[in-house]
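Okay, so here's the structure we're looking at.
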Amino acid sequence: MRIIALVIFVLIQVGFAFSQDGGNINYVKLENLDKSYIGRLLHIDFYRKSRGNLGQIKNGVDIDQVFLDINNKKIKFTEHRKDDGYNNWFDQQYLKSVNSVNGTKIIITNFKLIDIEEENIIVLANFNIKPFSQEMRIDKNIIAELLFKVDK
């Protein structure tokens with residue numbers, strides 16, 4: 001009986017070793033960004049890379065927060081990344097406002113790349129408040145990397 005249990009345990013471990021990661025995100029560094037990405041959906045990783053759950057909460061402080069101008073009002077957002085380094089799904093990533101606006105937290109569900117300038121990228125931000133989207137100019141200096149949706 002012990003031998004059968006040992007064989008089953010070993011086979012399970014071997015199965016885990018050969019299992020594949022899951023995800024539909026292509027990580028792109030700014031220096032590799034070109035016009036071929038225009039029109040594609042993306043998330044912006046601000047300030048520090050947040051892959052593998054890095055950049056979430058450390059010592060009780062969210063380290064990846066950014067102020068974005070929404071309808072001429074500066075709103076503070078926190079990155080929410082569900083990325084364990086092995087499984088990373090585009091639709092599980094988003095930006096969420098720190099404070100409520102009119103009783104509701106604002107969520108930026110994704111961006112769409114509109115244009116690339118020397119110092120900025122221009123994106124269309126899509127929000128959880130439907131139908132609402134807004135064009136934004138994002139300074140490249142505050143971007144760690146871009147997370148593009150891979151259509152499979």
Side-chain angles (χ1 to χ4, degrees), residues 12-13 15-152:
I12 289 171
Q13 297 305 313
F16 284 130
F18 288 102
S19 63
Q20 293 183 338
D21 301 341
N24 63 346
I25 296 175
N26 182 20
Y27 297 91
V28 176
K29 296 179 182 175
L30 276 174
E31 57 265 20
N32 296 331
L33 184 65
D34 61 37
K35 299 281 185 184
S36 69
Y37 289 95
I38 291 177
R40 291 185 51 196
L41 294 178
L42 74 144
H43 291 292
I44 301 171
D45 194 353
F46 293 96
Y47 300 109
R48 302 172 198 186
K49 289 183 182 177
S50 298
R51 252 189 265 183
N53 285 335
L54 299 173
Q56 289 294 307
I57 298 177
K58 291 188 179 179
N59 300 325
V61 177
D62 292 305
I63 61 170
D64 283 343
Q65 296 182 334
V66 63
F67 283 93
L68 297 175
D69 198 9
I70 311 297
N71 283 343
N72 298 318
K73 182 177 180 182
K74 290 241 184 253
I75 297 177
K76 187 176 187 179
F77 288 89
T78 300
E79 290 182 354
H80 288 263
R81 300 280 181 252
K82 188 171 183 183
D83 179 351
D84 62 9
Y86 301 104
N87 295 290
N88 45 9
W89 300 98
F90 187 83
D91 294 332
Q92 294 178 342
Q93 322 301 320
Y94 57 93
L95 295 174
K96 187 175 188 178
S97 65
V98 172
N99 298 311
S100 295
V101 178
N102 297 330
T104 304
K105 296 261 184 162
I106 297 174
I107 295 174
I108 298 178
T109 57
N110 59 53
F111 297 95
K112 183 176 184 179
L113 185 62
I114 303 298
D115 201 4
I116 305 166
E117 299 177 335
E118 188 172 328
E119 296 180 9
N120 304 293
I121 63 170
I122 300 172
V123 295
L124 183 67
N126 296 303
F127 297 85
N128 62 322
I129 303 165
K130 301 284 184 193
F132 182 67
S133 59
Q134 177 181 314
E135 194 169 291
M136 296 181 178
R137 179 173 265 105
I138 309 287
D139 186 335
K140 288 182 179 178
N141 290 322
I142 65 171
I143 299 173
E145 67 184 343
L146 302 169
L147 292 68
F148 281 91
K149 183 173 186 177
V150 175
D151 295 319
K152 292 184 178 183

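Values reported hereafter were calculated over all heavy atoms of this structure, with side chains retained and with hydrogens, waters and symmetry mates removed.
Put simply, the side chain of Leu42 does not reach to within 4.5 Å of the side chain of Leu147, judged on heavy atoms. Side-chain contact between Leu33 and Leu113 is present, with heavy atoms from C-beta onward closer than 4.5 Å. Within the 4.5 Å cutoff, no side-chain heavy atoms of Lys149 are placed close to those of Asn110. Within the 4.5 Å cutoff, side-chain heavy atoms of Leu146 are placed close to those of Ile44. The shortest distance between side-chain heavy atoms of Val150 and Phe90 does not fall below 4.5 Å. No side-chain heavy atom of Ile75 sits less than 4.5 Å from a side-chain heavy atom of Leu68. Considering only heavy atoms from C-beta on, Phe111 comes within 4.5 Å of Leu95 through its side chain.
Side-chain contact, Tyr27 with Asp45: no donor N or O sits under 3.5 Å from an acceptor N or O.
The aromatic rings of Tyr37 and Phe148 sit tilted, their planes meeting at an angle between 30° and 60°.
In this structure, CZ in Arg137 is found 4.0 Å from CD1 in Ile122, a value given to the nearest 0.5 Å. The CD atom of Glu118 lies 7.5 Å from the NZ atom of Lys140; values are rounded to the nearest 0.5 Å. Atom CD1 of Ile143 is separated from atom CD1 of Ile121 by 4.0 Å, given to the nearest 0.5 angstrom. Here the CZ-CG distance, from Phe132 to Asn71, works out to 4.0 Å after rounding to the nearest 0.5 Å.
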request  = Kindly indicate, with the supporting measurements, whether the criterion side-chain contact (heavy atoms from CB on, under 4.5 Å) is fulfilled by Thr78 and Lys96.
outcome  = CA-CA 5 Å; Thr78 300; Lys96 187 175 188 178; 5.6 Å; no

ask   = Going through the checks in order, is the side-chain contact (heavy atoms from CB on, under 4.5 Å) test met by Glu79 and His43?
value = CA-CA 10 Å; Glu79 290 182 354; His43 291 292; over 6 Å; no

Stepwise side-chain contact (heavy atoms from CB on, under 4.5 Å) check, Asn99 with Lys76 = CA-CA 7 Å; Asn99 298 311; Lys76 187 176 187 179; 5.6 Å; no

task = Evaluate the side-chain contact (heavy atoms from CB on, under 4.5 Å) criterion for residues Val28 and Glu145: first the C-alpha distance (whole Å), next the side-chain angles of each, then the deciding distance (0.1 Å), finally the verdict.
result = CA-CA 6 Å; Val28 176; Glu145 67 184 343; over 6 Å; no

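Across all non-hydrogen atoms, the minimal contact from Ile116 to Asp34 is CD1-O, 3.3 Å. Asp139 and Glu119 make their closest contact through OD1-O, 3.5 Å (heavy atoms, listed as atom of the first residue, atom of the second, distance). Of all non-hydrogen atoms in Ile114 and Glu135, the two that sit nearest each other are CG2-OE1, 4.4 Å. Scanning all heavy atoms of the two residues, the minimum distance from Met136 to Ala125 falls at CE-CB, 3.8 Å. Pairing each heavy atom of Trp89 with each of Ile25, the nearest pair is C-CD1, 3.9 Å. Shown here for Asp64 and Phe46, the closest heavy-atom pair between the two residues is OD1-O, 3.4 Å.
Surrounding NZ of Lys35 are more than 12 heavy atoms belonging to other residues, nucleotides or ligands, all under 6.0 Å away.
With hydrogens and angles disregarded, no donor-acceptor distance shorter than 3.5 Å links the side chain of Thr109 to the backbone of Asn128. Side chain of Gln134 to backbone of Asp69: a donor-acceptor contact under 3.5 angstrom is found.
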